[in-house]
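For the single chain, residues carry numbers from 1 onward in sequence order.
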Amino acid sequence: MDSPTAAREPGHELRTLVQTARLHAERQPDTPAVLCEGRTLTYGGLHRESNRIAHALRAAGIGPGDRIAYLGKESEHYYEVLFGCAKTGTVLVPVNWRLTAPEVSHILQDSCTRLLFLEEEFRHIVEAMPTDPPKAVVPLDTDDGFAAWKAAHPADETDSVEATPDTPIAQLYTSGTTGLPKGVVLAHRSFFAIARAMADAGVDWIDWLPGDKALIGIPGFHIGGLWWATQNFNAGTTVVAMRAFAARQAVDLIRDLGITTVCVVPAMLRMMLSEPGVNAEDFTTVRKTVYGGSPVSEALLATSLAVLDCEFAQIYGLTETGNTAICLPPAAHVPGTGLLRAAGRPYPGVRVKVIDGQGRELPSGAVGEVCLATPAHMVEYWGLPDRTAETLVDGWIRTGDAGYVDTDGYLFIRDRIKDAILVAGENVYPAEIENALEHHPGVAEVVVVGAPDERWGEYVHAFVVPAAGDRPSPRDLHTFLVPRLAAFKLPARYEFIDHVPRNPSGKILRRELRDRFWGEAERKVN
């Protein structure tokens with residue numbers, strides 16, 4: 001549906017998060033910006049506290065281009081730090097708190113993090129790292145920690161960096177095909193370009209209205225969670241932050257706080273609807289549900305449409321595209337039309353093409369690699385110019401997903417080229433798990449694939465060739481991996497095989513193993 005008023009929505013004139021904080025502190029200082037566990041941070045408070053953080057960072061000699069990291073669950077503090085970074089030109093590195101010590105160590109070392117904001121709950125991870133932590137560590141939840149660190153500095157806005165849309169603001173780490181996560185550098189424009197393009201075109205596929213209360217079910221270390229939060233801040237609405245997603249709590253918050261908009265991955269929808277006693281009355285205030293991060297089954301979507309009885313918008317994109325580049329708008333959510341299997345259409349100002357193995361553009365209906373040109377695309381992979389050049393080609397992001405575009409311009413995803421496994425919306429790459437498992441003395445060789453799972457979308461399945469004279473049990477392998485990989489990356493099942501299938505040139509036939517689970521399915525993503 002198009003709206004003639006969309007171009008006049010609040011915050012349309014904004015270009016950077018510095019401007020966002022300043023504008024809403026002036027216009028609506030007493031409006032809640034963040035609600036979290038009974039606490040309220042107003043827009044005036046967000047501006048003041050992020051000013052204190054900016055002063056504190058400058059006093060510590062931290063400024064434009066420097067990296068600081070945040071290892072903690074969602075709270076108003078996370079967003080205070082985000083805006084403090086914006087005001088100093090500092091780049092925020094949000095760290096996935098589900099990761100293990102070696103994984104966190106890689107991120108902190110690779111990003112050259114100078115200061116770490118740390119929740120006490122995760123101190124043991126930092127203490128177990130094989131490398132030293134950053135010299136400056138600010139505890140987030142101790143009496144002499146974050147609050148005292150801020151209070152020592154003034155709350156006025158002075159010397160704020162006047163960022164441009166191209167100034168880097170965040171560096172998010174994604175699992176890599178080679179086994180090591182890559183830092184995706186995003187500029188301010190990644191958090192403004194899509195909403196601005198929709199407003200300019202009068203399109204309200206996703207919109208933000210005065211008085212909205214937006215639930216963030218996706219964590220802030222994930223591009224989906226960070227993007228959704230910034231969109232609501234830019235529009236001056238209220239963000240309801242969950243420390244970590246829990247289905248029962250999410251339903252209670254929606255009902256009790258009168259949540260109007262929700263952003264979730266499909267697995268979260270399934271979990272909420274599976275909670276005992278949940279029914280349509282719990283969702284009467286919800287006017288729009290935005291979902292993405294993994295494909296959704298038509299059955300789950302039909303149930304969600306019936307129970308929530310609101311507009312639904314599906315989003316598709318990558319961290320590298322600044323989150324959403326493709327949208328299946330509410331009007332396309334009609335059971336029986338076939339469009340529910342589509343990822344959606346490009347937003348205004350976004351282009352999509354499908355290419356073959358030689359980089360040639362394919363016609364409508366032909367399956368190839370999906371490429372996206374979006375004004376929200378990443379700046380680079382931090383410190384990896386060759387990898388950047390492989391993914392960002394002449395302004396086009398190569399997604400690694402296989403799909404086609406129909407004659408009406410709808411994109412359909414059919415498979416993956418880069419072998420990623422989607423577990424509850426999290427990208428997991430086989431190489432990282434294979435590299436870890438092959439350090440086990442009882443493993444000669446291993447191949448990891450994704451298999452369909454009704455609850456989580458996909459699960460990790462490991463094919464293991466035992467070392468000569470040894471055959472570790474699945475429990476042995478699981479125990480071996482626990483300190484090395486985050487829990488969502490651990491294989492759910494192990495299967496022992498005599499040899500790994502290869503073609504005549506010695507290349508592993510991963511697709512042959514994966515197809516044992518997917519068979520003749522039209523869409524080999526779940």
Criterion side-chain contact (heavy atoms from CB on, under 4.5 Å) on V34 and L46, from CA distance to verdict: CA-CA 9 Å; V34 184; L46 178 61; 5.6 Å; no
Between W205 (side chain only) and A313 (backbone N and O only), is there a donor and an acceptor less than 3.5 Å apart? no
What is the ring orientation for W228 with W208, classed by angle as parallel under 30°, tilted 30 to 60°, or perpendicular over 60°? tilted
Determine, stepwise, if the pair V350 / I194 fulfils side-chain contact (heavy atoms from CB on, under 4.5 Å). CA-CA 8 Å; V350 175; I194 296 301; 3.8 Å; yes
Answer with yes or no whether the side chains of Y79 and E74 bring together a donor and an acceptor at under 3.5 Å. yes
Kindly say whether D156 contributes a backbone atom to a donor-acceptor pair with the side chain of H55 at under 3.5 angstrom? yes
Minimum heavy-atom separation for P133 to V126, with atom names? CB-CG1, 3.6 Å
Would you please test T399 and Y316 for side-chain contact (heavy atoms from CB on, under 4.5 Å) and show each step? CA-CA 11 Å; T399 68; Y316 165 79; 3.8 Å; yes
Check ion pair R287-D207 (N to O, under 4.0 angstrom): yes
Checking T285 side chain against I259 main chain: does a donor-acceptor pair fall under 3.5 Å? yes
Quick one: do the T374 and T321 side chains pair a donor with an acceptor below 3.5 Å? no
Between Q231 (side chain only) and W227 (backbone N and O only), is there a donor and an acceptor less than 3.5 Å apart? yes
N/O donor to acceptor pairs below 3.5 angstrom from side-chain atoms of residues 146-154, sequence neighbours left out:
| residue | atom | partner | partner atom | Å |
| --- | --- | --- | --- | --- |
| K150 | NZ | E49 | OE1 | 2.9 |
| K150 | NZ | E80 | OE1 | 2.9 |

I would like to know whether K489 and E103 meet salt bridge (Lys or Arg N to Asp or Glu O under 4.0 Å); could you show each step before the answer? CA-CA 12 Å; K489 301 177 186 178; E103 293 170 312; 2.8 Å; yes
Measure up the Y70 and Y78 rings against each other and bin them: parallel (under 30°), tilted (30 to 60°), perpendicular (over 60°). perpendicular
Between K182 and E390, is the closest basic N to carboxylate O distance under 4.0 Å? no
Under the side-chain contact (heavy atoms from CB on, under 4.5 Å) test, which residues partner E434, sequence neighbours left out? P430, V446, V447, V448, R510
When you check the gap from the basic side-chain N to the acidic O, do E119 and R243 get nearer than 4.0 Å? yes
Would you call E320 and R387 a salt bridge, taking side-chain N to carboxylate O under 4.0 Å as the test? no
Could I get the full list of side-chain contact (heavy atoms from CB on, under 4.5 Å) partners for S111, not counting sequence neighbours? R67, V93, T113, Q171, Y173
Looking just at side-chain N and O atoms, do T42 and D30 make a donor-acceptor pair shorter than 3.5 Å? no
Derivation of the salt bridge (Lys or Arg N to Asp or Glu O under 4.0 Å) call for R27 and E13: CA-CA 14 Å; R27 289 188 179 178; E13 66 271 36; 2.9 Å; yes
Where the side chain of D141 meets the backbone of E120, is there a donor-acceptor pair that is under 3.5 Å apart? yes
S190 (side chain) donor-acceptor with A376 (main chain) under 3.5 angstrom: yes
Compute the ring centroids of F233 and F191, then answer whether they are less than 6.0 Å apart. no
Would you find a donor on one side and an acceptor on the other, under 3.5 Å apart, between the side chain of Y43 and the backbone of T237? yes
Any donor-acceptor pair under 3.5 Å linking the side chain of T319 with the backbone of I223? no
Looking at D132, T100, T131, which hits side-chain hydrogen bond (donor to acceptor under 3.5 Å, both in side chains) with S105? T131
Just checking, is any N or O donor in the side chain of K87 or H47 under 3.5 Å from an acceptor N or O on the other one? yes
Determine whether a donor-acceptor pair (N or O, by modelled atom type, separation under 3.5 Å) exists between the side chain of H377 and the backbone of W396. no
